[in-house]
Amino acid sequence: MTSERYNARETEPRWQRQWDDKAIFATKNDDVRPKYYVLEMFPYPSGRIHMGHVRNYTMGDVVARFQRAQGKNVLHPMGWDAFGLPAENAAIERKVAPKAWTYDNIASMKKQLQTMGLSLDWSREFATCDPSYYKHQQKMFLDFMKAGLAEREQRKINWDPVDMTVLANEQVIDGRGWRSGAVVEQREMNQWVFKITKYSQELLDALDNLDRWPDKVRLMQRNWIGRSEGMLVRFALDAATAPNGESELKVFTTRPDTLFGAKFMAIAADHPLALAAAVKNPELAAFIAETKRQGTAQEIIDTAEKQGFDTGIRAIHPFDPTWTIPVYVANFVLMEYGTGAIFGCPAHDQRDLDFVNKYGLGNTPVVCPEGQDPATFIITDTAYDGDGRMINSRFLDGMTIEQAKAEVAKRLEGEIRGNAPVGERKVNFRLRDWGISRQRYWGCPIPVIHCEVCGVVPVPDKALPVVLPEDVTFDRPGNALDHHPTWKHVACPQCGGKAQRETDTMDTFVDSSWYFARFTDPWNENAPTTPDVANRMMPVDQYIGGVEHAILHLLYSRFFTRAMKATGHIGLDEPFAGMFTQGMVVHETYRKADGTFASPAEISIVPDGDGRRATMLDDGSVVEIGAIEKMSKSKRNTVDPDDIIGTYGADTARWFMLSDSPPDRDVIWSEEGVKGASRFVQRLWRQVNESAEHGKSAPASRPTEFGPGALAIRKAAHGALHKVSTEIEKLHFNVCLAHIREFSNALGEALARPGTPSPDMAWALNEAAVILVQLFAPMMPHLAEECWTVLGQSGMISEASWPQIEPNLLVEDTITLPVQVNGKKRGEVVVARDAQNPEIEAAVLALDTVKQALDGKPVRKIIIVPQRIVNVVG
RNA sequence: GCGGACGUGGCGGAACUGGUAGACGCAAGGGACUUAAAAUCCCUCGAUGGCAACGUCGUGCGGGUUCGAUUCCCGCCGUCCGCACCA
């Protein structure tokens, strides 16, 4: 028996070296066993790992180690999402080159990650800023161009005036840049876009099959893609009122059934018709300018009134040439959605109703709720958007909404004006193409050349990669690539004439849209992937990361995989078969008297009455314990993984990360909690050593008979094995840990029994310890290796197979059934597992507590749920 | 505004498919060991009544379905998240 405390500081580096020396986590692509690809979202090399990383990578490592023990060929790689703005900011602030800054950060973060004891295959490591990586990204860009999946277009873009770059729609949060927080401006620019909209329907439909994704994420993507079914309707314009050359106005509507309730048309401020009308109308031009100036920032949408300006143009109702409708420019119509024009049916749309009430245009209800008399159905200030029958709608009267939609579609599709039908059914998507041009230096160069003669010319394959120059300066704002004196000046690959390189780089989300595929064969210098290897190792079976990427990264990756398939780089559509979004790591905040925050390391907390009291370590002043919030530098409530691992060891940190909260919810990091985990580490160490001591006196072969005590501990061991195995598959780590602790408690009780254990007991204790160690090995691998040695097991536990369950130990000969009378628990009966109902009923009715509860009333019914419960109804 | 999730002890949370609510941990209280501390071990720990056996209430609130509801249905209240002038 040992009384020595387990010393994580000594054992952890030792085992890490051993794993490394034997390269046991290096994955072979030609392994014949079934593959299992587990991946955590790769980190941005900011310089230090934080607790969020610790949580993310611990979860992934548990899965990896568990699947490895299941006999799978596990792929568990790591790399670096290394392009991005912070490297340029560092260059500006600290005068270090982005490249040097990035690779230094990678080196120190890698060192930190290695202290966590993660079972990673480091031989596949790469950074997205390696030319050997982005070379292939450039190749795929060119392939996408050829396939019509990458195009250059003039489009309205989101311009971040602080970061001085374009942002994708997904990167604009509440009208502000997701990184800088600056109010985003609208500009017209030439942009490279990926044609993600070509896959709108497919990306939507395929969500149904992603059954191992969180519903929440699938729903968010569904909403983001935003499919709506409706009609495109071409309204003719009254020639006398229309500006020169304009003859019609096209609108998208999801409610063609309400056409007879139309009271006005509204077009966006930047709609061509509005601009045409403004030419001869200064007041209108002023209104348009004002509306554009307001933009669509959040505050304006919330506060601004619905405003319109009558252009004087009159549209003609598609079903009645004598019926004209005024056309307004309105501040609530977006050029980006649909056709940038609507028809307003105020009776059945609240926004349209507000608009007509303001401008006195009136309303006519055309859908009447069932059971309401149409004569008395009047709309004043609340629009009706429910079901009903058509009224005031000529040939539609009496129809349901669906029938009316179908009838309108039939008639408008059949009516030809010019050489096209007046209306057509149309599915509209909210999703827009992915603008990838960024006016930044530290990103993947877009491999095209602009020639005055030939136009846009792709860089020839053999000239790839287009490498970023390193001699750049950041002494003025904007794109350092563009400022470079020579880099962009090249000869046109086609005509040899004077030409310029594209100086925009790709959105860094492009880098992370295919790294998972590159991990399958990062050694291939000639192509992004080796398709048959990628097809064998993909998809990622379990992807783990933060919910903040639910739309951006995950949607882009789903698109990119399809685009790679279309260009022959991979043979599947969906990159991630299983997706898990983990919660954040949160911590209490501490506020000093002067209002500034104190860090957890600066304070001491002691119990104080019902609560706790915090004081500063240096001067003893009282600190207010504040709200629990996401760890952040500004709130100073971060905890440094290095400190935790240095003090308690990686195993303790890993265990606590998994213990308290369900993995998809936030976990509160607390000093007490870590201490609890640390206590458990020591407790396991003692138990295993004690069990190993008994194991020495145990018979060499499995006894044929076990006494009740030995049987009980064996049942506890195999029961825990069963529960942990099923819960770990479901990623219910907190539940797994509870079962492991429960089992450890049972083992502790068995070990505490006085006297020398019998041979069968000694054998059972040793078996229990072996199973216990294997159960916690995925979470605490270093401790497990050390215990494995103590138990005299051969090889490393990291390479050992998951223990076999003995199923007969999971079933009891007798079971204890709770007994209810009228739904209230009144007692228990112990019966044989295969006891028949009459037998159980007799036992139940014999209970005194049941007789009392029945109080002489006759038994009406006895419900027996096999193996579960008995309920007596009196 | 639209969509979604959630609401269980002092706290984090557990509970299979409708079947013993509160597993496991944290905190707290009491005790043992110790000169003392640390470490460790034992006991208590939803509320309420009772010396106790035990009873009553209890999973946000109000209803419903059911032999039985934390779980299913309806209506509220609250919290969190996503989207948002989407035609």
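Worth saying up front: this structure is predicted, and the values here are computed from it rather than measured. In what follows, chains carry the letters A, B, and so on, assigned in the order in which the sequence lines appear, proteins first and then strands, with residues in each chain numbered from 1.
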Task: Among A:F343, A:F309, A:F355, ring-ring contact (aromatic ring centres under 6.0 Å, His included) partner for A:Y328 - done: A:F355
TODO: Using a 4.0 Å heavy-atom cut-off across all strands, classify A:D352 as base, sugar-phosphate, or nothing.
DONE: nothing
Task: Rounded distance in Å between the C1' positions of B:G9 and B:G60 - done: 15 Å
Open item on the list: Could you tell me how far B:C85 sits from B:U70 if I compare only their C1' atoms? Round to whole Å.
Closed with: 41 Å
Open item on the list: With hydrogens left out and only the distance checked, is there a donor-acceptor pair under 3.5 Å joining A:Q820's side chain and the base of B:G19?
Closed with: yes
Open item on the list: Would you call the rings of A:Y337 and A:F252 parallel, tilted or perpendicular, taking 30° and 60° as the class edges?
Closed with: perpendicular
Task: d(CD, A:E727; C1', B:G13) in whole Å - done: 14 Å
Open item on the list: Distance alone, cut at 3.5 Å: any donor-acceptor contact between the side chains of A:N689 and A:E693?
Closed with: no
- [ ] Return no unless some side-chain N or O of A:R868 is found under 4.0 Å from OP1 or OP2 of B:C16.
- [x] no
Open item on the list: Does A:H722, at its NE2 atom, have more than 12 non-hydrogen atoms belonging to other residues, nucleotides or ligands within less than 6.0 Å?
Closed with: no
Open item on the list: Taking any heavy-atom pair under 4.0 Å as a contact, classify A:R665: base, sugar-phosphate, or nothing.
Closed with: sugar-phosphate
- [ ] May I have the distance from A:R432 (atom CZ) to B:C83 (atom C1'), rounded to whole angstrom?
- [x] 13 Å
Task: Test applied, side chain to side chain contact (heavy atoms under 4.5 Å, CB included); reference residue, A:V366; option that passes from A:I401, A:T258, A:D257 - done: A:T258
Task: Pairwise C1' distance, B:G46 and B:C41 [rounded to whole Å] - done: 27 Å
Task: Mate of B:G75 where both pairing distances stay under 3.5 Å, Watson-Crick or G-U - done: B:C61
Polar-atom pairs under 3.5 Å, protein N or O versus N or O of nucleotides 36-42 of chain B: list them with distances, or write none.
| residue | atom | partner | partner atom | Å |
| --- | --- | --- | --- | --- |
| B:U40 | O3' | A:R686 | NH2 | 3.4 |
| B:C41 | OP1 | A:R683 | NH1 | 3.4 |

Open item on the list: Would you say CD of A:E749 has more than 12 non-hydrogen atoms from neighbouring residues, nucleotides or ligands within 6.0 angstrom?
Closed with: no
TODO: Quote, to the nearest angstrom, the P distance that separates B:G1 from B:G13.
DONE: 29 Å
Open item on the list: Please encode protein proximity along nucleotides 47-57 of chain B as a string of B, S and -, counting only heavy-atom distances under 4.0 Å.
Closed with: --------SSS
TODO: Take A:E828 and A:H732, find for each the nucleotide of RNA chain B with the closest heavy atom, and name the residue whose nucleotide sits nearer the 5' end.
DONE: A:H732
- [ ] If B:C51 has a Watson-Crick or G-U wobble mate with both distances under 3.5 Å, name it; if not, just say none.
- [x] none
- [ ] Would you kindly give the CD-to-P distance between A:E672 and B:G25, to the nearest whole Å?
- [x] 16 Å
Task: Between B:C2 and B:C76 - P atom distance, rounded Å - done: 12 Å
Task: Where the chi angle of B:G9 falls, syn if within 90° of 0 and anti if not - done: syn
- [ ] Tell me the partner of B:A23, counting only Watson-Crick (N1-N3 plus N6-O4 or O6-N4) or G-U wobble (N1-O2 and O6-N3) with both under 3.5 Å; none if nothing fits.
- [x] none
Task: Paired nucleotide for B:G18 [Watson-Crick or G-U wobble; both distances under 3.5 Å] - done: none
Open item on the list: Distance check, C1' atoms only: B:U79 and B:C43, in whole angstrom units.
Closed with: 38 Å
Open item on the list: Just the rounded figure in Å: distance from P of B:A69 to CG of A:N822.
Closed with: 11 Å
TODO: Ignoring backbone atoms, establish whether A:N734 has a side-chain N or O less than 4.0 Å from OP1 or OP2 of B:A23.
DONE: no
TODO: Give a yes or no on whether A:D387 atom CG has more than 12 heavy-atom contacts from other residues, nucleotides or ligands under 6.0 Å away.
DONE: no
Open item on the list: Looking at B:G9, which nucleotide sits across from it as a Watson-Crick or G-U wobble partner, both distances under 3.5 angstrom, or is there none?
Closed with: none
Task: Distance between C1' atoms of B:U44 and B:G64 (Å, rounded) - done: 40 Å
Task: Mate of B:G68 where both pairing distances stay under 3.5 Å, Watson-Crick or G-U - done: none
TODO: Determine whether more than 12 heavy atoms belonging to other residues, nucleotides or ligands lie under 6.0 Å from atom NZ of A:K630.
DONE: no
Open item on the list: Measure CZ/A:F743 against C1'/B:C24 and give the value in whole Å, please.
Closed with: 15 Å
- [ ] Count the heavy atoms belonging to other residues, nucleotides or ligands that lie under 6.0 Å from CZ of A:R833, then report whether that count exceeds 12.
- [x] yes
Open item on the list: Determine whether a donor-acceptor pair (one donor, one acceptor, N or O, separation below 3.5 Å) exists between the side chain of A:N223 and the base of B:C83.
Closed with: no
Task: Any donor-acceptor N or O pair under 3.5 Å, side chains A:R860, A:N822 - done: no
Task: Rounded interatomic separation in angstrom, taking NZ from A:K861 and C1' from B:G68 - done: 11 Å
TODO: Mind calculating the distance between CD (A:E629) and P (B:C81) to the nearest angstrom?
DONE: 11 Å
TODO: Between A:L219 and A:P818, name the one whose nearest nucleotide on RNA chain B is closer to the 5' end.
DONE: A:L219
Task: Pairing of A:R351 and A:D354 as salt bridge, 4.0 angstrom limit - done: no
Open item on the list: Give me the distance, rounded to whole Å, that separates B:A53 from B:U59 when you measure between the P atoms they each carry.
Closed with: 25 Å
- [ ] Write down the partner of B:G3 under the Watson-Crick or G-U wobble criteria, each distance required to be under 3.5 Å.
- [x] B:C81
- [ ] Please report, rounded to the nearest Å, how far the P atom of B:G1 is from the CD atom of A:Q350.
- [x] 11 Å
